[in-house]
Each structure stands twice: as structure tokens, then as C-alpha cells.
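The shown structure was predicted, so the numbers you read here are calculated from the model rather than taken from an experiment. Every number for a ligand or one of its atoms is a count from 1 in the order of the listing.
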Amino acid sequence: MVVCYEAEAEALKVIFVPFLSTSHIIPMVDMARVFAMHGVDVTIITTAGNAAIFQKSIDRDISRGCSIRTHVLDFPAKQVGLPVGVETFNADTQLDLSPKIYMGLAILQPRIEELFGELKADCIVSDMFHPWTVEAAAKLGIPRIVFYAASVLSRSAVDSLERHAVHAEVGCDSERFVMVGLPHRLGMTRLQLPDWMRKPNAYGQLMKMINDSARRSYGAVFNSFHEFEGAYEEHYKNSYGTKCWSLGPVSLWVNQDATDKTERGHFKAGEEGEEWLKWLNSKTENSVLYVSFGSLNKFPSSQLVEIAHALEASGHDFIWVVRKNNDDKEGNFMEEFEKRVKESNKGYLIWGWAPQLLILENKAIGGMVTHCGWNTVVESMNAGLPMVTWPLFAEHFFNEKLVVDVLRIGVPVGAKEWRNWNEFGSEVVKREEILRAIGLVMGNSGEEGAEMRKRAKALSDAAKKAIQFGGSSHTNMMQVIQELKSLKLQRLSASNKLQP
Ligand code: UDP
């Protein structure tokens with residue numbers, strides 16, 4: 001009997017498994033939505049608390065006709081001794097609770113694996129922090145694609161350092177070394193590397209599993225695009241020995257209307273309403289600096305004081321997204337600062353969570369101070385903004401290399417030391433350094449700033465083209481879907497041959 005599986009293979013079911021952190025969930029869900037937008041049947045598996053971060057966007061996509069849903073699991077809070085609702089890594093996650101979130105995730109693993117079979121997945125797109133999904137996919141005979149909430153360059157850098165270990169050859173932590181085999185000559189110091197790369201620790205074990213599972217995956221997907229990191233896509237393919245697709249900027253693709261841009265992450269419709277927007281709209285084009293350090297960071301008061309002085313001394317208007325810490329060493333300095341800049345109409349402080357996409361696209365914004373979190377780098381580039389780079393943790397120091405040395409759209413604040421995301425670290429960047437970098441980015445020094453702004457604008461234009469028909473990310477998207485359909489067809493045909 002001749003069986004025609006073509007029609008069945010056309011109906012592609014892809015399951016996305018995000019990690020339990022805001023800044024991994026945001027881009028992965030946006031990527032899942034891009035798949036759904038292109039006719040793929042998408043299921044996102046996560047816990048109730050994490051679904052709250054994005055569910056409204058899924059509901060809107062359903063009403064737009066997409067075949068997409070969230071499969072919600074209860075986080076085993078009681079079992080691991082966590083207060084109900086603590087199931088996400090973000091700026092409010094207490095240091096001692098982090099291991100329990102990992103434990104909860106481990107408890108959920110068998111259930112997630114069962115779901116792959118029950119939901120008849122044709123492909124699993126898994127956050128890098130679920131290395132076990134590579135075996136789960138292999139058992140089902142389906143491809144596993146690893147999703148990174150990071151730059152392609154950072155993954156290439158990790159591979160280079162694992163292979164060549166040049167960082168082990170320098171005499172001290174502050175001596176510069178150049179990474180081997182990368183498309184550009186990129187220098188770093190050991191102090192700027194994650195702790196697990198400097199000295200073996202438990203996190204390093206996990207990273208080893210993650211890197212091994214990446215090499216055993218069918219491919220990798222990135223929220224990036226060819227004109228941004230093309231040279232590193234090739235490097236990734238060669239060094240990890242798998243396919244690699246840049247499918248971004250995913251946010252630009254799916255968050256086209258204001259509601260999608262506003263109701264994102266930990267947004268809460270508050271009393272403040274859209275005061276910030278009125279304030280921003282009263283400012284002239286390119287005159288305001290946006291200062292934000294992502295979803296995880298908190299600075300000690302000593303650092304907040306330095307930032308505040310630098311912002312005031314710069315003379316530029318600014319919006320600063322600030323987080324309260326439990327360190328009250330500087331008394332009511334921040335309250336007084338806020339009062340002062342409000343009175344002078346020079347600055348606007350947003351406490352907690354800001355509608356970052358909306359702020360960045362406002363014409364008044366002329367530059368950004370960023371910790372080089374990958375999402376923010378991409379979003380800032382989308383908006384065509386030059387950046388003051390202030391890397392802190394994770395792969396930020398590698399991202400800084402891309403922004404400053406490769407693309408030349410940023411000025412470093414001079415951060416010297418990597419630290420853990422949930423620690424203050426020992427480095428306090430001084431106001432003079434912050435001021436110098438702001439001056440360069442906001443164009444005080446003439447030509448250099450203007451050239452940087454031009455390059456940032458060119459990349460922003462390229463990003464918009466990348467997601468249009470025939471653009472690099474659009475073409476990649478079509479290729480992934482086509483390949484996954486062919487793999488499904490092969491699987492269906494093979495299973496038919498096996499039947500008596
Ligand atoms: N974000 C936001 N408002 C905030 C802080 C963060 O919308 O007040 C979003 C930001 O737009 C980005 C993500 O949260 O999409 C942060 O990710 P990133 O990789 O930049 O940094 P991380 O949170 O991992 O440090």
C-alpha cells in the first residue's frame with residue numbers, strides 16, 4: 001500500500017521549553033510566536049507563574065488566528081520548600097532560594113518529557129538550560145534545537161576558550177589575552193570571564209552538560225540576524241558541528257502593536273499610567289539617555305550614587321530604571337536625587353519594571369546605558385541607538401566585544417570584573433568613567449559620536465529588512481520549517497516501512 005504522508009508532514013507540531021527566568025522567557029516566547037505566525041502548531045510548556053509573564057501575548061496571537069497555546073504545569077513549590085509563586089529567576093529572587101527553583105524544575109522534568117510524547121511533538125526547541133531534552137528528543141526520534149538567549153559571538157567565545165584555554169596561560173587575572181580562532185581579534189582579561197571558566201565549580205559542570213548537549217543537537221536558534229553576527233554563525237556551525245539559524249530580531253517580528261510592546265514581562269498597569277510617555281514626548285529628538293540594567297540586576301547604594309552623580313553632571317535628560325535594594329547605606333540619597341531631577345525636569349526614574357520596547361522606540365531617546373544583556377542589546381540596536389556598555393554577569397562581557405569592537409556602536413564604561421547576577425560584587429564604577437562614556441555616546445565629542453549613531457542606524461535598518469520576505473532571518477525561518485517538515489516526512493515514511 002502506498003501511503004502519502006506529505007499532508008501530515010505539513011502539519012508541524014513544535015514544542016518550546018523555556019527556562020524559568022524572565023529574560024530567557026521573553027525572547028523564547030517571541031520566537032515561538034514567530035513559528036506560529038508562519039503556520040507551525042506551537043505549544044509552550046511552562047509553570048503557572050512563568051506563564052503569567054507572557055500569556056496575554058499568546059491570547060492575542062490566538063485571536064489573530066495563530067495555532068499556539070501554553071501548557072501550564074504547577075510548580076512544586078511545597079515539595080521544594082518555596083513560598084507559592086517563587087518560581088522565576090529575576091531581580092527579586094533571593095540568593096538562598098535559587099537552588100530550590102532548580103530542584104523544582106528537576107521534579108517537573110519527567111512530566112515535561114511525558115508531554116513531548118503525549119503532544120506528539122515533531123521537534124523540541126529547548127532552552128540551553130535543559131540539556132536533558134537532547135536525550136528525550138532522541139528517544140522519540142525527533143530533532144532537538146537548542147535556543148540561546150545569548151549572542152552567537154558569546155557561544156563562539158565559550159567554545160574557543162574551552163578548546164584553546166588561552167585564559168589559563170596569562171600570568172594574572174588582569175592580563176589581557178586574545179581569543180583564538182574567532183573571526184575578529186578580541187581581547188579580554190580573566191577577570192571578565194564567568195567564575196566557572198576561571199575555576200571549576202558546580203555551575204561549570206552544568207555548562208559542560210549544556211555545551212555537550214548543544215553539540216548533540218540538530219541545530220541552534222538565536223535571536224540575532226545575519227547582518228549583525230553573520231561571521232559568528234559560520235563559526236558556530238564549524239565549532240559545534242550543528243546547524244545554526246539566526247531568526248531575529250524576534251521582538252521586532254511579533255511585537256508590532258503597542259499592546260504587545262506594553263504588556264510584556266513584569267508590566268503592571270499602575271497608578272503612574274503613562275506619565276513617563278508624556279515626559280518623554282516633551283523632549284526633543286535624540287536628547288534623552290535611557291539607563292537600564294535588565295531584569296536581574298540590583299546595584300549596591302554606593303553604585304547608585306555614582307550613577308546619579310554622573311547623570312546629573314552629564315547635563316543630558318534621562319530615564320533611569322532603578323531597583324530598590326536592601327542596602328540603606330546612603331540614607332535617603334535616592335529620594336532626594338529623584339526629587340531634584342523631577343523639579344529640574346532633567347530626569348525620570350522608573351522604579352521596578354519599565355515598558356522598555358516603548359521607551360526605546362520613542363524619538364526622544366538618543367542613547368542607552370546597558371549591562372549588555374543580550375535582549376537589551378538587540379532591542380537597543382533595533383531602535384538604532386548607540387550604547388554605553390556596562391557588562392555585569394552571564395555572557396555580558398562577550399556581548400560588549402560585539403557592540404564595541406566588532407560593530408563599533410558602543411563605548412565601554414570600563415567595567416573590569418565579572419560577578420554573579422545575584423551578588424553586588426566588589427567593583428564600583430566611578431562617576432568620571434560613566435560621565436566620559438555618556439559624553440561620547442550622546443555625541444558631545446562630535447564626529448566619533450555621530451559616526452557611531454550612523455552605524456547603529458544602519459543596523460536598525462538592516463534588522464527591519466532581515467525579517468521581511470527575502471531577508472536573512474525570514475529566509476532562515478523558511479528553511480528551518482522546511483527542514484523540520486522533511487525530517488517529519490522521513491520519520492513517518494520510515495515508521496511505515498517498519499510496519500508489517
Ligand atoms: N525589560 C523590560 N523592562 C525592564 C527591564 C527589562 O521590559 O524594566 C526587558 C528587556 O526589554 C529585555 C529583558 O527584559 O527584553 C531583559 O533581558 P536582558 O537580556 O537584556 O537582560 P537580563 O534580564 O538577562 O539581565
(message) Taking D195 first and then R190, would you say they form a salt bridge - that is, a charged N and a carboxylate O separated by under 4.0 Å?
(response)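 Judged by the 4.0 Å cut-off on N to carboxylate O distance, D195 and R190 do not form a salt bridge.
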
(message) What does the 4.0 Å heavy-atom contact list look like for ligand 1?
(response) S23, I26, R264, G294, S295, L296, V321, R323, G352, W353, A354, Q356, H371, G373, W374, N375, T376, E379, F393

(message) Can a donor-acceptor pair be found, under 3.5 Å and without considering hydrogens, that links the side chain of S287 to the backbone of T284?
(response)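 Indeed, once roles are kept as given, a pair shorter than 3.5 Å links the two residues.
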
(request) Give a yes or no answer on whether the side chain of Q303 reaches the backbone of V429 with a donor-acceptor pair at less than 3.5 Å. (result) yes

For residues 47-55, please give each side-chain donor-acceptor pair under 3.5 Å, one per line with the distance, not counting sequence neighbours.
from	atom 1	to	atom 2	distance (Å)
T47	OG1	N50	ND2	2.9
T47	OG1	E87	OE2	2.6
N50	OD1	T88	OG1	2.9
N50	ND2	E87	O	3.0
Q55	OE1	T70	OG1	2.5
Q55	NE2	D59	OD1	2.9

(message) Tell me if the centroids of the rings in F293 and F299 come within less than 6.0 Å of each other.
(response)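 Ring centroids of F293 and F299 are less than 6.0 Å from each other.
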
(request) Give the ring-plane orientation class for H396 versus F393, where under 30° counts as parallel, over 60° as perpendicular and anything between as tilted. (result)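 Judged by the thresholds at 30° and 60°, the geometry between H396 and F393 is tilted.
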
